[in-house]
Protein chains: 2
Amino acid sequence: MTRQRELILQILSQSDRHLTADEVFFLAKLKMPSIAMATVYNNLNAMNEAGIINRVHMDGGADCFERTTDKHDHMICDVCGKLTNVRFPELQAHLQSALGREIDSYDLTIHCVCPDCRGRR
Amino acid sequence: MTRQRELILQILSQSDRHLTADEVFFLAKLKMPSIAMATVYNNLNAMNEAGIINRVHMDGGADCFERTTDKHDHMICDVCGKLTNVRFPELQAHLQSALGREIDSYDLTIHCVCPDCRGRR
DNA sequence: CCGGATATTTAGAATGATTCTGATTCCATT
DNA sequence: AATGGAATCAGAATCATTCTAAATATCCGG
């Protein structure tokens, strides 16, 4: 656990939203001006593989990262593009029994219109 | 519908697996040596937006494309990396009622060990 | 506390997928 | 045959991400 990794993890832990590598880099530079982009990616990748953080793929944009909490899925608003977390506690078991096979993991992203945008129409 | 688009669609329709833009380009060049990569991407994007084909994101690799058939999800083998289609006919309705909101669409990718790799251990 | 092995960081170059650009070609219509 | 609009082409450009090689930090046994 280097100072750089600690800082990156702190940034992700304190953020209330998903951050791109660029955003993490920008925020990290405020606290540690010498930090390099490669370091940000190195640590994001390492922590992602260790399961400490999650990488989230965004269609037509840079990947986002978030501090891992409990297993959850993602919902993207078709109107404003906001990414939020949703939870379906039974889903893995459900898929597993429908498939008749053990599942290691799954990624689910739902596209819908978020409450804010729905109300605004 | 230009000759190029027709060819690209034919290539995807006749393939028994998901193809990257590069693979489509290679196969298209065999039939039409003057075709350009930009044309392949233009048409893949246009047909994807029109719902005629699907773009499938692959972790750490180029996106893949397939001719659209019925709605289905994807399963990637953690061992050999093979991508196969799976169907959960009830899933969208299920997610919708669990979420209490209308869903426009969703993407689900399951990570597991495919039957071939399972048997081989 | 010291020396050396190992891992990490840094800056910038390199990569790879995809998109953009501007000129050209195609096709349908007049 | 002329016109206009859309699609194509080749190659340059872009963007996110990874790689490289040198410098630095960290850790461990003595």
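From a predicted model like this one, the values you see are computed outputs, not experimental measurements. Numbered from 1 within each chain, the chains take letters A, B, ... in sequence-line order.
Ionic pairing of B:E23 and B:R17 is present here: one or more N-O contacts between side-chain nitrogen and carboxylate oxygen are shorter than 4.0 angstrom.
For the atom pair CD1 of B:I103 and NE2 of B:H94, the computed distance is 10.5 Å after rounding to the nearest 0.5 Å. One finds the CG atom of B:D116 at 5.0 Å from the NZ atom of B:K82 (value rounded to the nearest 0.5 Å).
For A:R3 and C:dT10, the CZ to C1' distance is 13 Å, given to the nearest whole Å.
A:H111 places no side-chain N or O within donor-acceptor distance of the main-chain N or O of A:T109, the cut-off being under 3.5 Å. In this structure, the side chain of A:T68 engages the main chain of A:G51 through a donor-acceptor pair within 3.5 Å. Side-chain atoms of A:N48 never come within 3.5 Å of backbone atoms of A:L44 as a donor-acceptor pair (strictly under, hydrogens ignored).
Among B:H74, B:M47, B:H18, B:E66, the one residue that satisfies the side chain to side chain contact (heavy atoms under 4.5 Å, CB included) test with B:N54 is B:E66.
DNA chain D lies under 4.0 Å from at least one heavy atom of each of the following residues of residues 18-53 of chain A: A:A38, A:Y41, A:N45.
Along DNA chain C, the nucleotide nearest A:Q4 and the nucleotide nearest B:F65 are compared for position; the residue whose nucleotide lies closer to the 5' end is A:Q4.
Boundaries of the chain B contact region on DNA chain D are D:dA7 to D:dG11, first to last in 5' to 3' order (nucleotide atom under 4.0 Å from a heavy atom).
With a 6.0 Å cutoff to the six-membered ring centre and a 45° limit on the axis angle, B:K71 does not count as a cation-pi contact of B:F88.
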